[in-house]
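Comments concern the structure below.
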Amino acid sequence: MKIATWNVNSIKARLPNLIEYLKEAQPDVLLLQELKLTEDQFPELEIGDLGYNSAVLGQPTYNGVAILSKQPISDVKRGLPGDDEDDHARYIEAETSGIRVASLYLPNGNPIDTPKFSYKLAWMKRLAQHTRELLEHEEAFVLGGDYNVSPNEVDVFSVNAVATDAIFRPESRAAFREILYMGLTDAFRAMHPDEQRAYTYWSYQAGSFRKGQGFRIDHLLLSPALADRLLACDIDKKPRAQEKASDHTPVWCEISEPTPSPW
DNA sequence: ATGGTTGTTCCACAA
């Protein structure tokens, strides 16, 4: 089973790219971020024609997340718990294909001397608390999406370029580690422990993609039960190389069928 | 140090 995540940077602007990706890559589950539309504007018919069910959390203009799956989607939960005042559409979670999946769009947090950065850190605290609760059930789950955090120096093209960027601040990376060290597996890094210059995002500016100047900020974090089934994980750079591309490219992993319990 | 680009909305803001 193939699970992928992709920040499309407007699903309206990216619908041809999305349709081509679904046809070619054939993920069983696709986690989407930055839809930039409301739920009633979601292209459910076009996506349904390709054999995908969808669960969506939208809002006008900004944010927006979705789960697409070839299998039925159930037990949909919209919004990250922990703050009733937070109305950003950044988190959706559901059951599909026998696993729990979440699509998340973590706040960017720039500039760091503004409330945007404290919102990012507060959001990460809530994600940590929610992850703690998910882990108590010992389920197979994946938290996938645009984390807007590069975990380590190897995940950025230039340490200088991100010295004051919220994606690489020590506070952001510490909050990411707090979640990871609960026992989750960064699927890409688990399969490619020594790979360098492996990025998932390249700015539209200054020819960044052509020059290989990117960041690894999109991640698939697996629960222990799902990490046991991890077969492969990689970054698919093809969609980023297209005309009218998103500034992010998909990350995917291949998961084996669950093995029956031996007792 | 600045400006480089894209998307959406309304002529700025977010990334």
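Quantities reported herein were computed from a predicted structural model and do not represent experimental measurements. Residue numbers start from 1 in every chain, and the chains themselves are labelled A, B, ... in the order their sequence lines are given, proteins ahead of strands. Only heavy atoms go into these numbers, but all of them, side chains included; no hydrogens, no water, no symmetry mates.
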For [N] and [M], measure between their [atom1] atoms and round to the nearest Å.
N: dG4(B); M: dC10(B); atom1: P; result: 26 Å
N: dT9(B); M: dA15(B); atom1: P; result: 15 Å
N: dA14(B); M: dA1(B); atom1: P; result: 24 Å
N: dT6(B); M: dT2(B); atom1: P; result: 23 Å

Quiz prompt | Note: R100(A)-E95(A) ion pair, threshold 4.0 Å (strictly below) | solution =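 So R100(A) pairs with E95(A) through a salt bridge.
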Protein-proximity profile, nucleotides 3-15 of chain B, B/S/- by nucleotide at the 4.0 Å heavy-atom cutoff, equals -BBSSSS----SB
Quick one: name the residues clustered hydrophobically with L121(A), using the 4.5 Å side-chain heavy-atom rule over I, L, V, M, F, W, Y, and just say none if it's on its own.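 Result for L121(A) is I112(A), F117(A).
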Do any side-chain atoms of residues 147-154 of chain A form donor-acceptor pairs under 3.5 angstrom with protein atoms, and if so which ones, sequence neighbours left out?
from    : atom 1 : to      : atom 2 : distance (Å)
Y147(A) : OH     : L143(A) : O      : 2.8
N148(A) : ND2    : L106(A) : O      : 2.8
S150(A) : OG     : R216(A) : O      : 3.2

Show me, pair by pair, the donor-acceptor contacts under 3.5 angstrom made by side chains of residues 159-169 of chain A, not counting sequence neighbours?
from    : atom 1 : to      : atom 2 : distance (Å)
D165(A) : OD1    : N110(A) : ND2    : 2.9
D165(A) : OD1    : I167(A) : N      : 2.9
R169(A) : NH1    : A163(A) : O      : 2.9

Can you sort out the partners of T61(A) under side-chain contact (heavy atoms from CB on, under 4.5 Å), two or more places apart, ordered by chain and number?
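If we apply the side-chain contact (heavy atoms from CB on, under 4.5 Å) test to T61(A), skipping adjacent residues, there are no hits.
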- May I have all residue pairs that pass ring pair (Phe, Tyr, Trp, His ring centres under 6.0 Å) and include part of residues 28-48 of chain A, sequence neighbours excluded?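 Found none.
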